[in-house]
2 protein chains.
Amino acid sequence: METTIELLKEHALKVTPQRLKIIAMLNEYGHLSIEDLYRLMLKEFPNVSLATIYKNINQMAQTRLIQEVKIPDSKSVYEIVKEPHLHMVCDRCHKVEDIIIGTDKIIKEAEAVSGYRIEESFITLRGICPACQADS
Amino acid sequence: METTIELLKEHALKVTPQRLKIIAMLNEYGHLSIEDLYRLMLKEFPNVSLATIYKNINQMAQTRLIQEVKIPDSKSVYEIVKEPHLHMVCDRCHKVEDIIIGTDKIIKEAEAVSGYRIEESFITLRGICPACQADS
DNA sequence: GCCTTTAAGGAAAAAATTTATCTTTTAGCG
DNA sequence: CGCTAAAAGATAAATTTTTTCCTTAAAGGC
């Protein structure tokens with residue numbers, strides 16, 4: 001199991017308390033928006049700058065330590081780069097979850113139909129999560 | 001075949017030259033960003049306001065005449081709402097294309113794995129288009 | 001462990017994007 | 001036509017993101 005410090009070093013980023021915190025928050029919550037990150041960060045670093053969040057998010061995204069997930073009709077969230085997966089967004093409680101499903105078939109089909117050589121897929125599904133289904 | 005005027009009326013939007021032009025541009029080009037729409041619009045309506053673009057795009061999106069397509073690492077584009085489809089983005093020439101492929105299988109699988117009731121899917125695939133493959 | 005180099009953080013300003021406000025113009029309809 | 005409601009245009013305001021500048025701190029060599 002890789003430490004957060006190693007993770008930063010592998011991506012040629014200096015190990016700072018703010019960066020450790022950003023990664024810790026993403027590990028804990030899975031998906032967070034810029035605003036989420038800023039608000040949570042303020043609890044531990046009361047005079048962190050919003051620019052620090054932006055600069056770090058942009059750098060970590062460039063080195064592919066994290067990635068942006070664009071959500072339909074909502075703000076982007078960020079997540080640690082792991083194995084490829086799909087995103088589920090609940091219309092009711094707005095949570096974002098990962099699910100791991102093979103995408104080979106749809107990619108193969110898309111390549112056949114379009115002639116593209118596909119490098120990466122971005123799949124987000126919108127609906128009602130099990131918990132919110134139970135509530136209705 | 002439905003006229004653009006009918007399309008606007010069905011969505012309870014007044015038929016204005018600017019709206020007709022927006023729809024005509026989207027029909028011609030398929031996918032356009034706010035900036036694209038504004039720059040093209042200026043050729044025919046030299047004193048159109050950027051606010052007009054935003055207001056119309058927002059209204060047309062609310063009535064589901066058009067929809068936003070969020071593109072990884074790029075700006076959103078807008079398209080006329082047609083049947084469900086996937087988006088292909090070329091890494092080289094940055095064009096966005098629709099392709100029509102059944103998504104039933106992946107949605108069924110995602111529902112089974114996650115327990116979500118899925119309402120809509122957003123699938124974007126990134127790669128190299130046939131033309132750009134030929135160029136390399 | 002200190003010193004130097006280089007990058008990061010914080011504060012603020014600037015830039016870019018989006019929305020709101022106000023007035024004038026125009027579409028829709030009798 | 002003439003009336004009414006909505007849309008357009010101009011502008012300001014609000015929001016979001018990036019940049020700049022200065023201070024602080026991390027990394028690596030000694």
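Lettering follows sequence order; numbering is per chain, from 1.
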Roughly how many Å is it from CG in Asn47(A) to C1' in dG9(C), rounded to a whole number?
10 Å
Rounded to the Å, how far apart are Asp73(B) CG and dT17(D) P?
15 Å
Nearest whole Å is fine: how far is dA25(D) C1' from Gln18(A) CD?
10 Å
Check whether any side-chain N or O of Tyr54(A) sits under 4.0 Å from OP1 or OP2 of dT17(D), and answer yes or no.
yes
Between dG9(D), dA7(D), dA11(C), which one does the side chain of Ala51(A) approach most closely?
dA11(C)
For dT16(D) and Lys75(A) - does any side-chain N or O of the residue sit under 4.0 Å from the phosphate oxygens OP1/OP2?
yes
Nearest-Å distance for atom pair CG/P, residues Leu20(B) and dA8(D):
10 Å
Proximal nucleotide (of dT20(D), dA26(D), dT11(D)) relative to the Pro17(A) side chain:
dA26(D)
Does any donor-acceptor pair link the side chain of Lys14(A) with the base of dG9(C) at a separation under 3.5 Å?
no
List the atom of Pro130(B), the atom of Ser114(A), and the distance in Å for their closest heavy-atom pair.
CG-O, 3.3 Å
Side chains of Tyr116(B) and Gln133(A), donor plus acceptor under 3.5 Å
no
The nucleotide from dA8(D), dT17(C), dA27(D) with an atom nearest the side chain of Lys55(B) is dA8(D)
On DNA chain C, does the nearest nucleotide to Leu50(B) precede the nearest nucleotide to Gln59(A) from the 5' side, or the other way round? Give the residue.
Gln59(A)
Regarding Glu79(B) and His85(B), do their side chains bring together a donor and an acceptor under 3.5 Å, going by distance alone?
yes
From the candidates dG10(C), dT18(C), dG9(D), the one with an atom nearest any side-chain atom of Thr52(B) is dG9(D)
Looking only at the side chains, is there a donor atom on one of His31(A) and Asp98(A) sitting less than 3.5 Å from an acceptor on the other?
yes
Assign each of Ile34(B) and Val15(B) the nucleotide of DNA chain C bearing its closest heavy atom; nearer the 5' end lies the nucleotide of Ile34(B)
When you look at CG of Asn58(A), are more than 12 heavy atoms from neighbouring residues, nucleotides or ligands closer to it than 6.0 Å?
yes
Please state how far atom CG in Leu42(A) lies from atom P in dA11(C), giving the value in whole angstrom units.
10 Å
Ser76(A) versus Glu68(A), side-chain donor and acceptor atoms under 3.5 Å
yes
Would you indicate, yes or no, if dA8(D) has its OP1 or OP2 atom less than 4.0 angstrom from a side-chain nitrogen or oxygen of Asn56(B)?
yes
Over how many whole Å does the gap from Leu37(A) atom CG to dT16(D) atom P extend?
15 Å
Measure the distance from CZ on Arg19(B) to C1' on dA7(D) and round it to the nearest whole Å.
6 Å
Short side-chain N/O contact to dG9(C) OP1/OP2 from Thr16(A), under 4.0 Å:
yes
Quick check on dT17(D): is either OP1 or OP2 less than 4.0 Å from any side-chain nitrogen or oxygen of Asn58(A)?
no
Whole angstroms only, please: what is the NE2-P distance between His11(A) and dA8(C)?
14 Å
Would you kindly check whether a donor in the side chain of Lys9(B) faces an acceptor in the base of dG28(C), or vice versa, at under 3.5 angstrom?
no
